[in-house]
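Everything on this sheet refers to the single structure shown next.
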Amino acid sequence: RYNTIMGFMKESFPSFQAIVLEQTGTNSVYAMWIDKLRRKPIQASGVSDGHLHMLMQLTALFSEEGYGLILLDEPDLSLHPWALSVLAKAIRTASQSFQKQVMIATHSPVLISQFAPEQILAVELSKDTGQTRMTKVSEQDSIRDLLEEYATGSLYMAEMIAAQSEPQTSS
């Protein structure tokens, strides 16, 4: 599992080489990052939030053995679009090869576009009843033909999926 995490880290950040862990006390460990482009290791406090977020999410996906449910709330924060595509690949790997069920809450059109419409639930608050409504994107009749031509994230940005703004009325 460790090799899987490190493999996805290397794919996400091409200059990343490894993490060196140092026990600094009875109950504490410090991490340093080895980067191909640097002469010295980088202290964990000196790496980007994206590096740390990716490591935490990969650890959540792969650290436990066996079946599990993993909830990722806005995992796209601080991640480069390339790293988002790698994260999506990691999520598919965790689901298919590591028996994980993964649910993601996101507003990222880049991340949304990494998954098939059958795998995406649009969550909306009904203006009529105030109830939360969830529907598979692939089952939304109003956009079914558009899904063949456009990325799901593009349709989300155009507010054809889970619209967030109020419809404009002409005066």
Side-chain angles (χ1 to χ4, degrees), residues 1-123 134 136-138 147 150-158 161-162 164:
R1 292 185 314 264
Y2 175 81
N3 290 336
T4 300
I5 293 169
M6 290 298 106
F8 282 117
M9 284 297 294
K10 289 175 182 176
E11 190 174 346
S12 298
F13 308 102
S15 65
F16 172 84
Q17 253 182 322
I19 295 175
V20 175
L21 301 173
E22 176 185 336
Q23 187 164 1
T24 55
T26 308
N27 296 316
S28 62
V29 175
Y30 195 79
M32 290 181 286
W33 300 67
I34 308 298
D35 190 288
K36 294 175 190 174
L37 303 177
R38 309 279 179 152
R39 284 180 275 165
K40 293 181 178 180
I42 306 167
Q43 294 181 347
S45 59
V47 297
S48 73
D49 287 351
H51 281 80
L52 297 172
H53 287 169
M54 180 63 97
L55 179 61
M56 288 187 293
Q57 292 169 133
L58 292 171
T59 301
L61 289 169
F62 298 107
S63 66
E64 293 289 323
E65 239 182 303
Y67 296 100
L69 172 64
I70 298 164
L71 306 172
L72 298 176
D73 185 22
E74 300 193 20
D76 47 283
L77 297 179
S78 303
L79 291 181
H80 184 279
W82 170 254
L84 284 176
S85 69
V86 175
L87 178 61
K89 181 178 172 184
I91 290 167
R92 284 191 292 277
T93 299
S95 297
Q96 296 165 359
S97 303
F98 287 80
Q99 296 85 35
K100 304 296 180 191
Q101 185 175 6
V102 183
M103 295 185 73
I104 304 165
T106 186
H107 300 279
S108 167
V110 174
L111 187 56
I112 290 169
S113 293
Q114 301 298 313
F115 297 95
E118 305 79 51
Q119 298 172 310
I120 302 169
L121 290 174
V123 180
M134 294 193 302
K136 279 188 178 181
V137 169
S138 61
L147 289 169
Y150 298 97
T152 311
S154 296
L155 296 174
Y156 173 76
M157 286 297 296
I161 299 170
Q164 300 297 306

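Bear in mind that the values here come from a model prediction, so they are computed numbers and not experimental data.
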- Charged N to carboxylate O below 4.0 Å: is that the case for Lys89 and Glu11? yes
- Query: Can any side-chain N or O of His53 pair as donor or acceptor with the backbone N or O of Asp76 at less than 3.5 Å?
  - Reply: no
- Message: I'd like to know whether Leu79 forms a side-chain contact (heavy atoms from CB on, under 4.5 Å) with Gln57, so could you lay out the CA-CA distance, the side-chain angles of the two residues, the decisive distance to 0.1 Å, and finally the verdict.
- Response: CA-CA 11 Å; Leu79 291 181; Gln57 292 169 133; 3.8 Å; yes
- Query: Within a strict 4.5 Å, meaning less than it, do heavy atoms of the Phe16 and Met6 side chains meet?
  - Reply: yes
- Item | Leu121 and Lys136, any side-chain heavy atoms less than 4.5 Å apart | yes
- Query: Is the number of heavy atoms from other residues, nucleotides or ligands within 6.0 Å of CD (Glu74) greater than 12?
  - Reply: yes
- Please determine if Arg1 and Glu65 form a salt bridge, counting it only when a charged side-chain N lies under 4.0 Å from a carboxylate O. yes
- Distance from Ile120 atom CD1 to Ile112 atom CD1, nearest 0.5 Å? 6.5 Å
- Specify the closest pair of heavy atoms between Lys100 and Gly66, including all atoms of both residues, with the distance to one decimal. NZ-O, 2.6 Å
- To the nearest 0.5 Å, atom CD1 of Ile70 lies from atom CE of Met103 at 12.5 Å
- Note on the structure: Value for CG (Leu155) from CD1 (Ile161), rounded to nearest 0.5 Å, stands at 4.5 Å
- Note on the structure: For Ser138 and Leu147 the tightest heavy-atom approach is CA-CD1, 4.0 Å
- Under 6.0 Å between the ring centres of Phe62 and Phe8? yes
- Note on the structure: Asp49 and Ser78 have their tightest heavy-atom pair at CB-OG, 3.7 Å
- Message: Restricting to non-hydrogen atoms, name the atom on Ser154 and the atom on Ser113 that form the minimum distance, rounded to 0.1 Å.
- Response: N-OG, 4.2 Å
- Query: Can you check whether Ile19 reaches Leu55 side chain to side chain, under 4.5 Å on heavy atoms?
  - Reply: yes
- Can you tell if the side chain of Met54 reaches within under 4.5 Å of the side chain of Leu87, non-hydrogen atoms only? yes
- Query: CG/Leu58 to CD1/Ile5 distance, rounded to the nearest 0.5 angstrom?
  - Reply: 6.5 Å
- Distance-only, no hydrogens or angles: does the Ser85 side chain make a donor-acceptor pair with backbone N or O of Trp82 under 3.5 Å? yes
- Shortest non-hydrogen separation from Pro75 to Leu111 and the atoms involved: CG-CD2, 3.8 Å
- Task: Count the heavy atoms belonging to other residues, nucleotides or ligands that lie under 6.0 Å from CE of Met157, then report whether that count exceeds 12.
- Result: no
- Tell me the side-chain hydrogen bond (donor to acceptor under 3.5 Å, both in side chains) pairs involving residues 20-34, sequence neighbours left out? Thr24-Ser28
- Apply ring pair (Phe, Tyr, Trp, His ring centres under 6.0 Å) to the pair His51 and Phe13, showing each step before the final yes or no. CA-CA 8 Å; His51 281 80; Phe13 308 102; 3.9 Å; yes
- More than 12 heavy atoms from other groups under 6.0 Å of CZ on Phe98: yes
- If you round to the nearest 0.5 Å, how far is CG of Leu72 from CG of Leu61? 5.5 Å
- Message: Nearest 0.5 angstrom please: Gln114 CD to Thr152 OG1, how far?
- Response: 10.5 Å
